[in-house]
Every structure is written in C-alpha cells, then in structure tokens.
Amino acid sequence: MEAIWLYKGVGRHVVLQDNVLLSMLLKACAKLPDLRLGKIVHCDIIKFGSPDCFVINGLINLYVKCGKMNCSRRLFDGLQQRNVVSWTNIISGCIQNDSSEEGLALFNQMRQENVRPSEYTVVSLLAGASRLGALHQGKWIHGCIVKNGICMNSFVGTGLLDMYVKCGEFIDACSVFNELSDVDLISWTAMVVGYTQKGYPIEALELFADKKWAAIVPNSVTIASVLSASAQLRYLFIGKSIHALGLKLGFEEYDVMKNALVDMYAKCSEMLEAKFVFESVSKKNVVTWNAMMAGCAQNNFGYECLALFRQMQAADCSPDAITVVSVLSASACLGALRHGCSLHVYAMKHAFLSNVYVSTALLNFYNKCGEANSARLVFNGMNEKNTVTWCAMMGGHGVHGDSADSIALFGKMLEEELHPNDVTFTNILSACGHTGMVTEGQKYFDVMSRDHGITPSMKHYACMVDMLARAGQLEDALKFIERMPIKPGVNIWGAFLHGCRIHSRLDLGEMAAQRVIELLPETADYYVLVSNFYALMGMWTEADNVRTLMKSRRLNKSPGLSLEFG
C-alpha cells in the first residue's frame, strides 16, 4: 500500500524507474483489486519504464485477479522468457476464471518447456481437476508432485485430499490425510467438509470427534459441516451439542453457522427451533430462505412454505432452483394446482427447467395433483433424466392405475443404462399391486435382488403382501409373511388386514388386527382401521370395544379434509 501512496504522490517517476517498487505497486493493485489504477500504471510502464520479467508477471497477476484473462494472456504470450511464476499466474488465472481445461492444457506446455512446477502451480492444477471432477488428471498431478520432489506440506496435502474427496475417491483422500506429517485446521476441515458433502456423515462426525485432533480448534466452516452431517443423520442430540460448541467458540453471528442450524433443526423436525434461528438472521440470503422453506416442505408445513416464498420475493432475494423444488414439493402436498402452475411459468421464465431436480419436482407435482398428461409432457421435454426422474414418472403411472406404462418406463430406463434403486422397485411393485398384476409383481420382486443386487426392505415386503392380499390370495400372503427374513412391521400386518377387510376374511383378519395393535399401541390410525374392519364384518361389539380402548388411551385421529387452494 505504501507503493500506491508513493506512486500517487511525489515519487511517481521514482517508482517507474525501480522494477522492485513497480512489482510491489502491481501486487498492491491486484490485492485490492484496482483495475483502473492498474491500467494507469501499465500505461506509464509502456511510456517510461523498462519492465523486467517480474514486472510483467505482476501485470499478468493484476489482470488475472481483475478477471481480464484476455489482457493477461496477451502479456503472457508476449513474454520471451517465462519462469515458473509466469506459468503459475496464467494457469491459476484460467482455473479461477472457470477455464480449468485451458489451465490443464497450459501445464502440458509448461512441461514441454522444461519449467519445473512449484507447490503453488500444483495446488492450482489440483483445484482445476477438482472443479472438473477429473480424477485421472488429478492422479497425474499427484504423480508430478512425487516425481518433482515437491514437499508434501499442509498446503499441497490439502489440495490433494480436496481433489480426491471431490472426485469421490475417499480411500485415496484418507491415504493422503494419514500421510500428512502436519495436519492443521485447513486440511482437517477439508476432510470433514468432503465427507459431509459426499454423503458420508458418520465418517465426518467420527473424524470431528477423534481425540487425535483434539488440539485443533474448529472454525465456523468446520462447525457448519458437522451440523450438516448431524442433519443428514437426524441426530438431534449431537446437533444440539455442536450448536453449544459453536456458541462457546463465538460463532453465533456467523451466517454459515446459522444457515446450518436452520437446516439441522428443520431436518430433525424441530421447526420451532429452526424458526427461532431463522428469525435471528438479520441479513437472510438465498441459502437461509432455502433451508427454512425446505424444512417446512419436508415437515408438512406447506402453507408456511408458500408464505415464506412470498416473503422471500418481497425481501428482494432472488430464488434459485433449490427454492423452486421446495415450493413445488409444498404445492404437491397441498394439492395447490394453480400455485404450482404459476411456479411452472416462473421456472420457464427464469430458465430453471433445464435443472433436472426442478423438472423432476414439477412432474412429481403434476402427478400428485392428478394431472398425468401434464406430468408426461414435462417428462418428455426433459433433456436430462436421472433415476429419481424415472422413479417419479413410474410412481405417477402407478398412482393413476396405469401399471402397463409404469412397467414400460422401467424397460426404457434400463435401455438408458440407468441403474434402478430401491424406490424404483417400490413403485413397480405398488403399481402391480394396485392393478392386480400378481405374476408380474412376483417376477420383479425376484429380479430386484437377483439381477440388481438390491436387498428387499420392509417397504418391498409390504408391497408384496398388499399385492397378494388385494388379489384375494390371503393364504399366500400369510405364508409370504411367515417366510420373511425380517420381523414383520405394522405396515405388513396393516396391508394384510386391509386385504382381509376387502375379501371379508374374519378368520385371518382378527389375527392381523391383534398384531397391529400390539405393534403400535399408541397410534390412533390403526385402531380406527381395526374398528372399521370389525364394523364391516357386522361385529359391532368388538368395534365399540376397540373405540373404547382407543379413548381410554387418550388417542385421537386427526379428521380428514379436502383442499381447494388458490
């Protein structure tokens, strides 16, 4: 900064005649960054100076930091003698300005000119490989580090493990982390963040709680990451403990921690706590609004989610794709067709439909509102479809009793070489069950584990019992339950009881009713199901006894309602 003061004051010509002072001046301009002053200095250098390689490198760095890559590239290409600083500046500039491929290509040219990379060069290259998810190039850079004898310090090590984490190679990331002789806050936090972001919350919490790193004091990013890990696991007690630690360390006013707290409490269904933290944020950004709206949508507070969306717009905070997904989910739960259609228009206007998650949420919304044709139009218009998209469309066909189309979609999904998951087979089995396609359902149940290696869950077993019971094959359904490798849950017996009610099988239904109440003695819905079964069988005394038992335990079933949302 002294160089700027001197340049602007009486020592302008002194600075222009001294390349060391010029380098300091350009470095200060880049740090601010002050493009206008940098251009003035550049003009003066051309007019009066005799710049050396260090001054040109300073100019390259200035234009890189100001995002003027064309200017920096022209200066770089005009250099007769490029040193490692020149190459590092232009490579890091490309990567910082979203041209990672060009940065990696420049490194090949650098090697051809036999310029040995520095630790700053390789860390920039690793950042580029991370952004591209280019594991092969990342491993190649790792080899260059070893080959050139670059010190594996915390700076280089953090770059390496960040690259491996973002490319999903946790075994290699752990190897790098364990080989670091000096693990500091940055490398430790990078590992915790990586585990959390890639869906390994247990490993993130284990690393955070490891006594080996007890001497490292976490920063706000570390705290936010382990809060996110707790949210993924719905570990409320651990989340509260981390909240307390964050307060103790003085991070209560950090936005990154508050956003993570809103998300954690919302995912743990503690909406009052989430609302309290949300309202304490004075300057809410899109992440804050999204965390609260997603929590409302996930916890069946649909109206509150829509109200928050209106407040967000009134606060001049621009919604993003995540916002639209949450509001569409809330609209689907409420059956708010007109509101969802408005969101469809909003998504088209703001080019959100190219986002696979927005389009998937939209077709799911139309399916839940009974608009099967609209859902199919959205599905057909999607350029990119993932497994969730196909599952949503199959589930929609199943809900509307169109199992043939659901099964046809499954076949097309396999042709696209997408791997079905457990939800895919839940949708297929449910569709077969609702349309009486027992043989096809049994075939897909066998295919699930045999061909796709998916272990049947309680949901899959419940679908099979429901399918057999609906079709009147109650003895087969009972044998299926008895052969289950896991203990039948209440949804299994509930599905069986429903079949007994449809086909007036009192002998089997009484046994199922007893099991249901034994498994969930505190849930009103199943008492009502059992009472209705007895009433349908004309056993009014037994039906009254179940209602009396329900009242003695102070259980109340929420009344049903129909929605008309504007």
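Side chains included, hydrogens not; waters and symmetry mates left out as well; all remaining heavy atoms used. When a residue number appears, it is its place in the shown sequence, counting from 1.
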Compare all side-chain heavy atoms of M484 with those of I492 and state whether any distance is below 4.5 angstrom. yes
Where the side chain of H452 meets the backbone of M448, is there a donor-acceptor pair that is under 3.5 Å apart? no
Could you tell me whether the side chains of N386 and T389 share a donor-acceptor contact shorter than 3.5 Å? yes
Using a 3.5 Å distance criterion without hydrogens, assess whether the side chain of Q232 forms a donor-acceptor pair with backbone atoms of T196. yes
Looking at side-chain heavy atoms only, is the closest gap between H243 and L247 below 4.5 Å? yes
Within the side chain of S406, is there an N or O that forms a donor-acceptor pair under 3.5 Å with the backbone of M394? yes
Between S175 (side chain only) and I171 (backbone N and O only), is there a donor and an acceptor less than 3.5 Å apart? yes
Only distances under 3.5 Å count here; give the side-chain donor-acceptor pairs of residues 367-374 to other protein atoms, sequence neighbours excluded, each with its distance to 0.1 Å.
residue : atom : partner : partner atom : Å
N367    : ND2  : L363    : O            : 3.3
N367    : ND2  : A392    : O            : 3.3

Could you tell me whether the side chains of S457 and H460 share a donor-acceptor contact shorter than 3.5 Å? yes
Could you pull out every donor-acceptor pair under 3.5 Å between side chains of residues 292-300 and any protein atom, sequence neighbours left out?
residue : atom : partner : partner atom : Å
N299    : OD1  : S269    : OG           : 2.8
N299    : ND2  : A266    : O            : 2.9
N299    : ND2  : G295    : O            : 2.8

So the ring-ring contact (aromatic ring centres under 6.0 Å, His included) pairs with at least one residue in residues 222-241 (sequence neighbours excluded) are none
Can a side-chain donor-acceptor contact be found between H397 and S403 if the only test is distance below 3.5 angstrom? no
For N421 and T387, does a side-chain donor sit closer than 3.5 Å to a side-chain acceptor? no
Quick one: side chains of residues 277-288, donor-acceptor pairs under 3.5 Å with protein atoms, not counting sequence neighbours, listed by atom name and distance.
residue : atom : partner : partner atom : Å
S280    : OG   : K258    : NZ           : 3.4
S280    : OG   : V277    : O            : 2.6
K284    : NZ   : V281    : O            : 3.0
N285    : OD1  : V287    : N            : 3.1
N285    : OD1  : T288    : N            : 3.0
N285    : OD1  : T288    : OG1          : 2.8
T288    : OG1  : N259    : OD1          : 2.6
T288    : OG1  : N285    : N            : 3.3

Report, one line per pair, each donor and acceptor closer than 3.5 Å where one atom sits in a side chain of residues 205-220; sequence neighbours left out.
residue : atom : partner : partner atom : Å
D210    : OD1  : K212    : N            : 2.9
N219    : OD1  : V221    : N            : 3.1
N219    : OD1  : T222    : N            : 2.9
N219    : OD1  : T222    : OG1          : 2.6

Salt bridge (charged side-chain N to carboxylate O under 4.0 Å, His left out): pairs with one or both residues in residues 260-271, sequence neighbours excluded: D263-K267
